[in-house]
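The structure under discussion appears below in the form of C-alpha coordinates.
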Amino acid sequence: LLYFAKLCLEKIYYDVAEKTCLLIITNPSAKKSTSIEAHFILAKSQIFQEKYTSALETYQKILNLAETEEEKALVYFQIGELNFNQLNDITSALSAYKIILEKYPNNNSTLISEVSVRLGDCFLVSGQPDSAFEVYQKLLDANPRYLKAEEYYFKIAEIYFYKKDF
(Lines give C-alpha, C1' and ligand atoms only; values in the text may rest on other atoms or scores of the structure.)
Protein backbone atom coordinates (compact mmCIF):
# COMPACT_ATOMS: atom_id res chain seq x y z
CA LEU A 1 0.00 0.00 0.00
CA LEU A 2 2.86 2.37 0.76
CA TYR A 3 4.20 1.95 -2.77
CA PHE A 4 0.72 2.68 -4.12
CA ALA A 5 0.50 5.86 -2.00
CA LYS A 6 3.89 7.02 -3.34
CA LEU A 7 2.77 6.29 -6.90
CA CYS A 8 -0.46 8.23 -6.39
CA LEU A 9 1.52 11.18 -5.05
CA GLU A 10 3.82 11.10 -8.10
CA LYS A 11 0.89 10.84 -10.50
CA ILE A 12 -0.89 13.78 -8.85
CA TYR A 13 -3.71 11.70 -7.34
CA TYR A 14 -3.34 13.48 -4.03
CA ASP A 15 -6.72 12.56 -2.60
CA VAL A 16 -6.10 8.86 -3.30
CA ALA A 17 -2.61 9.12 -1.80
CA GLU A 18 -4.12 10.73 1.29
CA LYS A 19 -6.78 8.03 1.70
CA THR A 20 -4.22 5.29 1.19
CA CYS A 21 -1.91 6.79 3.80
CA LEU A 22 -4.79 7.01 6.26
CA LEU A 23 -5.48 3.29 5.71
CA ILE A 24 -1.84 2.50 6.49
CA ILE A 25 -1.68 4.81 9.51
CA THR A 26 -4.87 3.41 11.07
CA ASN A 27 -3.75 -0.18 10.59
CA PRO A 28 -2.70 -1.40 14.07
CA SER A 29 -0.37 -4.01 12.59
CA ALA A 30 1.61 -1.50 10.48
CA LYS A 31 5.28 -1.19 11.35
CA LYS A 32 6.31 2.07 12.97
CA SER A 33 8.72 2.87 10.12
CA THR A 34 5.93 2.27 7.59
CA SER A 35 3.60 4.50 9.58
CA ILE A 36 6.21 7.27 9.69
CA GLU A 37 6.76 7.04 5.94
CA ALA A 38 3.00 7.07 5.35
CA HIS A 39 2.73 10.20 7.49
CA PHE A 40 5.40 11.91 5.37
CA ILE A 41 3.52 11.04 2.18
CA LEU A 42 0.27 12.17 3.79
CA ALA A 43 1.78 15.54 4.71
CA LYS A 44 3.08 16.03 1.16
CA SER A 45 -0.30 15.22 -0.34
CA GLN A 46 -1.94 17.64 2.10
CA ILE A 47 0.49 20.37 1.06
CA PHE A 48 -0.23 19.75 -2.62
CA GLN A 49 -3.95 20.04 -1.82
CA GLU A 50 -3.24 23.26 0.11
CA LYS A 51 -4.36 21.71 3.40
CA TYR A 52 -1.52 23.40 5.25
CA THR A 53 -2.95 23.18 8.76
CA SER A 54 -3.53 19.46 8.30
CA ALA A 55 0.02 19.05 7.02
CA LEU A 56 1.41 20.81 10.10
CA GLU A 57 -0.67 18.49 12.30
CA THR A 58 0.66 15.49 10.40
CA TYR A 59 4.24 16.67 10.90
CA GLN A 60 3.54 17.02 14.63
CA LYS A 61 2.34 13.39 14.65
CA ILE A 62 5.56 12.33 12.94
CA LEU A 63 7.55 14.12 15.64
CA ASN A 64 5.72 12.03 18.23
CA LEU A 65 6.48 8.83 16.31
CA ALA A 66 10.06 9.63 15.28
CA GLU A 67 12.76 7.73 17.08
CA THR A 68 15.94 8.96 15.44
CA GLU A 69 17.47 12.40 15.42
CA GLU A 70 17.61 12.24 11.63
CA GLU A 71 13.84 11.70 11.40
CA LYS A 72 13.16 14.54 13.84
CA ALA A 73 15.52 16.91 12.03
CA LEU A 74 13.83 16.09 8.71
CA VAL A 75 10.40 16.78 10.22
CA TYR A 76 11.52 20.16 11.56
CA PHE A 77 12.97 20.95 8.12
CA GLN A 78 9.66 20.13 6.45
CA ILE A 79 7.82 22.26 9.02
CA GLY A 80 10.21 25.10 8.25
CA GLU A 81 9.72 24.68 4.51
CA LEU A 82 5.93 24.65 4.85
CA ASN A 83 6.00 27.80 6.96
CA PHE A 84 8.52 29.53 4.69
CA ASN A 85 7.17 28.57 1.26
CA GLN A 86 3.43 28.14 1.68
CA LEU A 87 2.38 30.01 4.81
CA ASN A 88 4.88 32.87 4.57
CA ASP A 89 5.30 32.56 8.34
CA ILE A 90 8.97 33.49 8.57
CA THR A 91 9.03 33.50 12.38
CA SER A 92 7.79 29.89 12.58
CA ALA A 93 10.13 28.83 9.77
CA LEU A 94 13.07 30.47 11.53
CA SER A 95 12.14 28.69 14.74
CA ALA A 96 12.01 25.28 13.03
CA TYR A 97 15.37 25.80 11.32
CA LYS A 98 16.99 26.96 14.57
CA ILE A 99 15.73 23.84 16.36
CA ILE A 100 17.58 21.68 13.84
CA LEU A 101 20.82 23.62 14.24
CA GLU A 102 20.58 23.63 18.03
CA LYS A 103 19.27 20.11 18.74
CA TYR A 104 20.66 18.15 15.81
CA PRO A 105 23.89 19.90 14.69
CA ASN A 106 25.67 16.62 13.91
CA ASN A 107 22.95 15.44 11.58
CA ASN A 108 23.24 14.89 7.85
CA SER A 109 25.68 17.55 6.58
CA THR A 110 23.63 18.18 3.44
CA LEU A 111 20.53 18.84 5.54
CA ILE A 112 22.49 21.14 7.86
CA SER A 113 23.73 23.11 4.83
CA GLU A 114 20.18 23.39 3.47
CA VAL A 115 18.92 24.50 6.87
CA SER A 116 21.66 27.12 7.09
CA VAL A 117 20.76 28.47 3.66
CA ARG A 118 17.12 28.68 4.68
CA LEU A 119 18.08 30.40 7.92
CA GLY A 120 19.89 33.02 5.84
CA ASP A 121 16.86 33.29 3.55
CA CYS A 122 14.62 33.91 6.57
CA PHE A 123 16.92 36.67 7.75
CA LEU A 124 16.98 38.18 4.27
CA VAL A 125 13.21 38.28 3.77
CA SER A 126 12.66 39.57 7.30
CA GLY A 127 14.87 42.60 6.63
CA GLN A 128 18.04 41.40 8.38
CA PRO A 129 20.57 41.37 5.52
CA ASP A 130 23.59 41.54 7.83
CA SER A 131 22.51 38.36 9.63
CA ALA A 132 21.84 36.68 6.29
CA PHE A 133 25.28 37.74 5.07
CA GLU A 134 26.91 36.15 8.14
CA VAL A 135 25.12 32.85 7.52
CA TYR A 136 26.01 32.72 3.81
CA GLN A 137 29.61 33.77 4.46
CA LYS A 138 30.01 31.04 7.12
CA LEU A 139 28.80 28.50 4.59
CA LEU A 140 31.34 29.70 2.05
CA ASP A 141 34.16 29.84 4.58
CA ALA A 142 33.40 26.30 5.74
CA ASN A 143 33.61 24.83 2.27
CA PRO A 144 34.43 27.21 -0.60
CA ARG A 145 34.61 24.37 -3.14
CA TYR A 146 31.21 22.97 -2.20
CA LEU A 147 28.90 22.37 -5.16
CA LYS A 148 26.49 25.02 -3.91
CA ALA A 149 29.17 27.70 -3.40
CA GLU A 150 27.87 29.48 -6.50
CA GLU A 151 24.42 29.70 -4.87
CA TYR A 152 25.99 31.23 -1.74
CA TYR A 153 27.89 33.80 -3.79
CA PHE A 154 24.65 34.69 -5.56
CA LYS A 155 22.86 35.16 -2.24
CA ILE A 156 25.66 37.40 -1.01
CA ALA A 157 25.38 39.40 -4.24
CA GLU A 158 21.64 39.74 -3.55
CA ILE A 159 22.44 41.22 -0.17
CA TYR A 160 24.78 43.76 -1.71
CA PHE A 161 22.05 44.59 -4.20
CA TYR A 162 19.39 45.06 -1.48
CA LYS A 163 21.78 47.24 0.51
CA LYS A 164 22.68 49.14 -2.69
CA ASP A 165 26.31 48.39 -1.91
CA PHE A 166 27.75 47.62 -5.34
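Keep in mind that the numbers below use all heavy atoms, side chains included, and drop hydrogens, waters and symmetry copies. The model shown is predicted, which means the values in this text are computed figures rather than measured ones.
Distance check: E18 CD to I25 CD1 gives 9.5 Å after rounding to the nearest 0.5 Å. Once rounded to the nearest 0.5 Å, the distance linking OG of S45 with CZ of F40 reads 13.5 Å. We find the CD1-CD distance between I47 and E81 to be 9.5 Å, quoted to the nearest 0.5 Å. Taking NZ of K11 as the start and CG of L7 as the end, the distance is 6.0 Å to the nearest 0.5 Å. Between atom NZ of residue K61 and atom CD1 of residue I36 there is a gap of 14.0 Å, rounded to the nearest 0.5 Å. The line from NE2 of H39 to CD of E71 is 12.0 Å long, rounded to the nearest 0.5 Å.
Under a 4.0 Å N-O distance rule, the pair D121/R118 qualifies as a salt bridge.
No continuous path of hydrophobic side-chain contacts links F48 to I62 [ILVMFWY only; heavy atoms under 4.5 Å]. With hydrophobic clusters built from ILVMFWY side chains whose heavy atoms lie under 4.5 angstrom apart, I12 shares a cluster with L9. Note: the hydrophobic cluster containing L42 does not contain L74 (ILVMFWY, side chain heavy atoms under 4.5 Å, direct or indirect links). F154 and I159 fall into different hydrophobic clusters, where Ile, Leu, Val, Met, Phe, Trp and Tyr are joined by side-chain heavy atoms under 4.5 Å apart, directly or via other members. Taken together through direct or relayed side-chain contacts under 4.5 Å among Ile, Leu, Val, Met, Phe, Trp and Tyr, L23 and Y13 form parts of separate hydrophobic clusters.
At most 12 heavy atoms of other shown residues, nucleotides or ligands fall within 6.0 angstrom of atom CZ in F4. Atom NZ of K44 has 12 or fewer heavy atoms from other residues, nucleotides or ligands within 6.0 Å.
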side-chain contact (heavy atoms from CB on, under 4.5 Å), that's the test. Do L111 and Y104 meet it? Break it down for me.
CA-CA 10 Å; L111 179 63; Y104 314 107; over 6 Å; no
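When all heavy atoms of P105 and L101 are compared, the pair lying nearest together is CB-O, 3.4 Å. The two residues A73 and I100 have their closest heavy-atom pair at O-CD1, 3.4 Å. When every heavy atom of A38 is checked against every heavy atom of I24, the shortest pair comes out as CB-CG2, 3.7 Å. The minimum heavy-atom distance between Q46 and A55, with the atom names listed, is OE1-CA, 3.3 Å. For A5 against I41, the heavy-atom pair with the smallest separation is O-CG2, 4.1 Å. Residues G120 and Y136 come closest through the heavy atom pair C-OH, 3.0 Å.
A side-chain donor from one of S126 and Q128 sits under 3.5 Å from a side-chain acceptor of the other.
Checked by atom type and distance alone, the side chain of Y97 pairs as donor or acceptor with a backbone atom of G80 at under 3.5 Å. Using modelled atom types, one side-chain atom of N83 and one backbone atom of I79 make a donor-acceptor pair closer than 3.5 Å. Side-chain atoms of S116 come within 3.5 Å of backbone N or O of I112 as a donor-acceptor pair.
Contact annotation: the side chain of E69 never approaches that of K72 to less than 4.5 Å [non-hydrogen atoms, C-beta and beyond]. Residues L1 and N27 fail the side-chain proximity criterion, which asks for heavy atoms closer than 4.5 Å. At a threshold of 4.5 Å between non-hydrogen side-chain atoms, the residues L65 and S35 count as touching.
Using the six-membered ring where Trp is involved, Y160 and F133 have ring planes that are perpendicular, over 60° apart on the 30 and 60° scheme.
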